[in-house]
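What follows is a short report on a single structure.
Below, chains carry the letters A, B, ... as their sequence lines are ordered, and counting in each starts from 1. Hydrogens, waters and symmetry mates are skipped; everything else that's a heavy atom, side chains included, is used. Since this is a predicted model, take the numbers as computed values, not measurements.
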Protein chains: 2
Amino acid sequence: MVDQEARLSRIFSALADPTRRDMVARLAAGDATVNELAAPYDVSLQAVSKHLKVLESAGLVTRSRDAQRRPVHLDAEVFDLMTKWIERYQRQVEERFSRLDALLERMQDSDGSAVDPESGINNDTRRGASS
Amino acid sequence: MVDQEARLSRIFSALADPTRRDMVARLAAGDATVNELAAPYDVSLQAVSKHLKVLESAGLVTRSRDAQRRPVHLDAEVFDLMTKWIERYQRQVEERFSRLDALLERMQDSDGSAVDPESGINNDTRRGASS
DNA sequence: GGTTTGATCAACCATATGGTTGATCAAGAG
DNA sequence: CTCTTGATCAACCATATGGTTGATCAAACC
């Protein structure tokens, strides 16, 4: 384990760039060379090379060698790390909601005053308010 | 919909910072004021305020008002967007692997030459090589 | 009204990032 | 050996980012 926190930072940072996300999308369909990856974009090959270095240092891709070509391969392992991070807090929030719902349920039977069980702060927020 | 791509960029970018990830972790336990959030860190309140602006513009948190306090609330909706993005490519890679496995299976019966069905490139990579 | 408390705004600074161009390297191809 | 192809290295530039300090705002306290 090489410091998961720093690793997560590099992963999220790598995926923060739309071009790099697009490359990941492309690579999900199969390995590709640097030139193949560069084709769709209006930037220099060197820029693409840099992007790949970022993806590589984040552990999202690995590179092998085929003559003078350097095929890029998507390493899907990393997705698990992200998913785990996300799901942890997603679950935590869900649980907090259920506890709150349960409390409100109980209150509905007897009393009627507004109370927040967590902090001293308004914790009411409806789920499902998309942009 | 406000340009999902730009939104994803802002989300991933926001979570690329360890301090901000930590704040999200804290907020998963319940709402908090800026001062409460700032307490654990060795940075100025203004820096924390900036971090919160980043999280807010990414749609990860919302802020209400309680006297002179501005309670911060984690909006877990965003997690779905990330999860969806991740799972799309995760699934795609998985499917590609199954097709490759199936091919290798069939080849094992008759022939023995190495062929790559996707690109002209070596697509062989073992799954499960963690750091 | 004046002061304390909670938080933001504004200006500034150092470093990181994404892009460029030019030079270089490594492996086939002629 | 020389040339072409595929890709990286190096230096540079503009902008973004995370941090700072000082000033300001807004609500509550006295």
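Nearest-nucleotide positions on DNA chain C place A:Ser13 closer to the 5' end than the other of A:Ser13 and A:Val43. Of the two residues near DNA chain C, A:Thr19 and B:Val34, the one whose nearest nucleotide lies more 5' is B:Val34.
Residues from residues 47-56 of chain B that place a heavy atom under 4.0 Å from any atom of DNA chain D, listed by number: B:Ala47, B:Lys50, B:His51.
For the side-chain contact (heavy atoms from CB on, under 4.5 Å) test, residues two or more places apart in sequence or in another chain that qualify with B:Ala28 are A:Tyr89, A:Gln92, A:Val93, B:Leu74. Residues that satisfy the side-chain hydrogen bond (donor to acceptor under 3.5 Å, both in side chains) test with B:Ser9, not counting sequence neighbours, are A:Arg21. The side-chain hydrogen bond (donor to acceptor under 3.5 Å, both in side chains) search around B:Arg63 returns B:Glu56, not counting sequence neighbours. Partners of A:Gln90 under the side-chain contact (heavy atoms from CB on, under 4.5 Å) rule, at least two apart in sequence or in another chain, are A:Ile86, A:Glu87, B:Phe79, B:Asp80, B:Thr83. Shown here are the side-chain contact (heavy atoms from CB on, under 4.5 Å) partners of B:Leu81, two or more places apart in sequence or in another chain: B:Gln4, B:Arg7, B:Leu8, B:Ile11. For A:Arg70, the side-chain contact (heavy atoms from CB on, under 4.5 Å) test picks out A:Arg65, with sequence neighbours left out.
Between A:Asn35 and A:Arg69 there is no side-chain heavy-atom pair separated by less than 4.5 Å. In this structure, B:Arg26 and B:Leu37 have side chains that are in contact, with non-hydrogen atoms separated by less than 4.5 Å. B:Asp75 is not listed as a side-chain neighbour of B:Val61, based on a closest heavy-atom distance of 4.5 Å or more.
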What pairs of nitrogen or oxygen atoms, one from the protein and one from nucleotides 1-3 of chain D, lie under 3.5 Å apart?
none

Report each atom pair, protein N/O against N/O of nucleotides 25-27 of chain D, whose distance is under 3.5 angstrom.
none

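A continuous path of ILVMFWY side-chain contacts below 4.5 Å connects A:Leu60 to A:Trp85, so both sit in one hydrophobic cluster.
Pairs passing the side chain to side chain donor-acceptor pair (under 3.5 Å) check and including a residue from residues 37-51 of chain A, sequence neighbours excluded, read A:Arg20-A:His51, A:Asp22-A:Tyr41.
Nearest heavy-atom pair, B:Ala14 versus B:Ala58, reported as atom, atom and distance to 0.1 Å: CB-CB, 3.9 Å. Taking both residues in full, the closest heavy atoms of B:Leu15 and A:Phe12 are given as O-CD1, 3.5 Å, listed atom of the first, atom of the second, then distance.
Chain A approaches DNA chain C within less than 4.0 angstrom (heavy atoms of the protein), and the contacting nucleotides run 5' to 3' from C:dG18 to C:dG28.
Rounded to an integer number of Å, the gap from A:Asn35 CG to D:dT5 C1' is 8 Å.
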